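Just below is one structure, and these are the notes that go with it.
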2 protein chains.
Amino acid sequence: MATPQRVESDLGWALGRVARAHLRAAQEQVAGLPGGPRGYQVLVAAAREESSTQLALAQKLGVDRTVMTYLIDELQAAGLVERRPDPADRRARRVVLTQTGGARLCDLERRLREAEQHVLAPLSPEEQDVLRGLLRRVAEVDPDTPSACEVARDLTQEC
Amino acid sequence: MATPQRVESDLGWALGRVARAHLRAAQEQVAGLPGGPRGYQVLVAAAREESSTQLALAQKLGVDRTVMTYLIDELQAAGLVERRPDPADRRARRVVLTQTGGARLCDLERRLREAEQHVLAPLSPEEQDVLRGLLRRVAEVDPDTPSACEVARDLTQEC
DNA sequence: TATTGTTATACTCTATAACTATA
DNA sequence: TATAGTTATAGAGTATAACAATA
């Protein structure tokens with residue numbers, strides 16, 4: 001029979017604790033930035049030309065596209081990004097970093113590295129790299145893509 | 001000079017994506033349980049006698065004690081837990097699992113293992129264990145405890 | 001005076017739907 | 001008809017302060 005596990009072995013518990021701890025540390029570091037740590041993620045993603053329409057950004061950041069509207073509004077009002085018409089699709093807007101935004105981004109990156117360092121402090125540098133790598137690989141899969149086992153289950157109508 | 005990183009190398013981005021993905025998967029599995037995945041964590045923690053006052057549970061789960069009141073209210077209304085007076089401190093209430101709650105917990109554990117498996121699917125079983133272990137070690141440090149470097153900084157008044 | 005639990009209030013996020021302008 | 005972006009609204013979640021009972 002299955003003995004009750006300890007809550008420490010629940011992945012959701014660990015993820016929640018670590019994510020909240022990182023969020024608190026990051027919010028301190030980026031105080032004043034519109035959108036907080038998420039605003040930083042927009043700046044980083046917008047710094048790369050590729051896939052910088054609002055919808056693409058929203059999907060990459062894992063938020064609804066309505067949230068992205070407010071986020072860009074605030075970042076634009078702060079002079080950190082601009083909305084430019086997409087030459088290929090007049091419905092879409094490309095989000096590009098302003099010069100001010102680029103300078104701000106450099107400072108933010110330095111501050112957020114400190115926040116990450118603070119959260120990961122219990123681990124050795126090598127372990128930190130392993131954790132980052134594993135988390136990134138899990139995060140990079142499209143959450144909307146059904147897994148192979150789900151596809152197989154649907155095809156075979158089993159279970 | 002620091003070239004802008006890709007958003008994929010931001011720890012906050014990866015943590016947010018993975019935590020949200022897990023939350024969605026877990027919510028599907030525990031549909032109907034008061035408090036959702038967090039209610040499950042309360043049940044697991046309450047199944048262990050130790051440190052099961054509402055305040056201790058709140059701290060372990062990383063939420064405010066006011067949140068715990070609502071959570072326990074709902075779990076108690078569903079017959080899954082009971083509030084018992086703490087014999088050592090009449091202000092405190094000990095949260096204990098009912099028989100119904102214990103049975104429900106067994107089922108929930110099985111379902112949540114599936115959810116975790118779904119989220120961690122991109123990793124090999126060995127990598128999954130490594131990720132769980134590293135996350136747990138980071139999560140287990142008390143978020144309110146200042147790090148050694150912070151203490152040293154306060155003491156020396158440097159920086 | 002400090003702490004546990006409760007309650008009430010306000011605030012922040014998020015989810016949803018409806019609308020526009022394009023495709 | 002479908003999609004990108006916007007707007008408005010409602011709901012969930014959270015934070016804060018105040019209170020009663022007890023330490």
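The chains referred to below are lettered A, B, ... by the order of the sequence lines, with proteins before strands, and numbering in each begins at 1. Keep in mind it's a predicted model, so treat the numbers as computed, not measured.
Shown here is B:Glu140, whose CD atom has more than 12 heavy atoms of other residues, nucleotides or ligands within 6.0 Å.
Per the geometry, CD belonging to B:Glu82 stands 16 Å off P belonging to C:dG5, to the nearest Å. Between A:Arg84 atom CZ and D:dG5 atom P there is a gap of 16 Å when expressed in whole angstrom units. Taking atom CD of A:Gln27 as the reference point, atom P of C:dC13 lies 8 Å away to the nearest angstrom. To the nearest angstrom, C1' of C:dT20 lies 11 Å from CZ of A:Arg93. In this structure, CZ of A:Arg20 is placed 14 Å from C1' of D:dA15, rounded to the nearest angstrom. A:Asp86 places its CG atom 19 Å from the P atom of C:dA21, with the value rounded to the nearest Å. In this structure, CE of A:Met68 is placed 11 Å from P of C:dT14, rounded to the nearest angstrom. One interatomic measurement links the two molecules: CG of A:Leu23 to C1' of C:dC13, which rounds to 12 Å at whole-angstrom precision.
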Determine, step by step, whether A:Gln76 and A:Arg83 satisfy the side chain to side chain contact (heavy atoms under 4.5 Å, CB included) criterion, reporting the C-alpha distance in whole Å, the side-chain angles of both residues, the deciding distance to 0.1 Å, and the verdict.
CA-CA 8 Å; A:Gln76 191 170 32; A:Arg83 278 187 248 237; 3.1 Å; yes
Under the criterion side chain to side chain contact (heavy atoms under 4.5 Å, CB included), I'd like the reasoning laid out for A:Val30 against A:Arg111: C-alpha separation, chi angles, the key distance, then a yes or no.
CA-CA 7 Å; A:Val30 304; A:Arg111 291 174 164 275; 5.6 Å; no
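Across every non-hydrogen atom of B:Pro34 and B:Glu74, the tightest pair is CB-CB, 3.6 Å. Shown here for B:Gln54 and B:Met68, the closest heavy-atom pair between the two residues is O-CG, 3.5 Å.
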Reading nucleotides 16-23 of chain D from the 5' end, what letters show protein touch, with B for base, S for backbone sugar-phosphate only, - for no heavy atom under 4.0 Å?
BBB--BBS
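A residue-by-residue look at B:Val67 and A:Ala92 shows that A:Ala92 has its nearest nucleotide of DNA chain D further toward the 5' end.
Regarding contacts with the backbone of C:dG5, every side-chain N or O of B:Arg94 stays at 4.0 angstrom or more from both OP1 and OP2. Side-chain nitrogen and oxygen atoms of A:Thr69 include none within less than 4.0 Å of the OP1 or OP2 phosphate oxygen of D:dG5.
Within 4.0 Å of A:Arg38, counting heavy atoms only, lie sugar-phosphate atoms of the nucleic acid but no base atom.
Salt-bridge check for A:Glu116 with A:Arg132: passed, with a basic side-chain N closer than 4.0 Å to an acidic carboxylate O.
In this structure, CG on A:Asp64 lies 10.0 Å from CD on A:Gln59, to the nearest 0.5 angstrom.
Closest to the side chain of A:Thr53, from the set D:dG5, C:dT14, C:dT4, is D:dG5.
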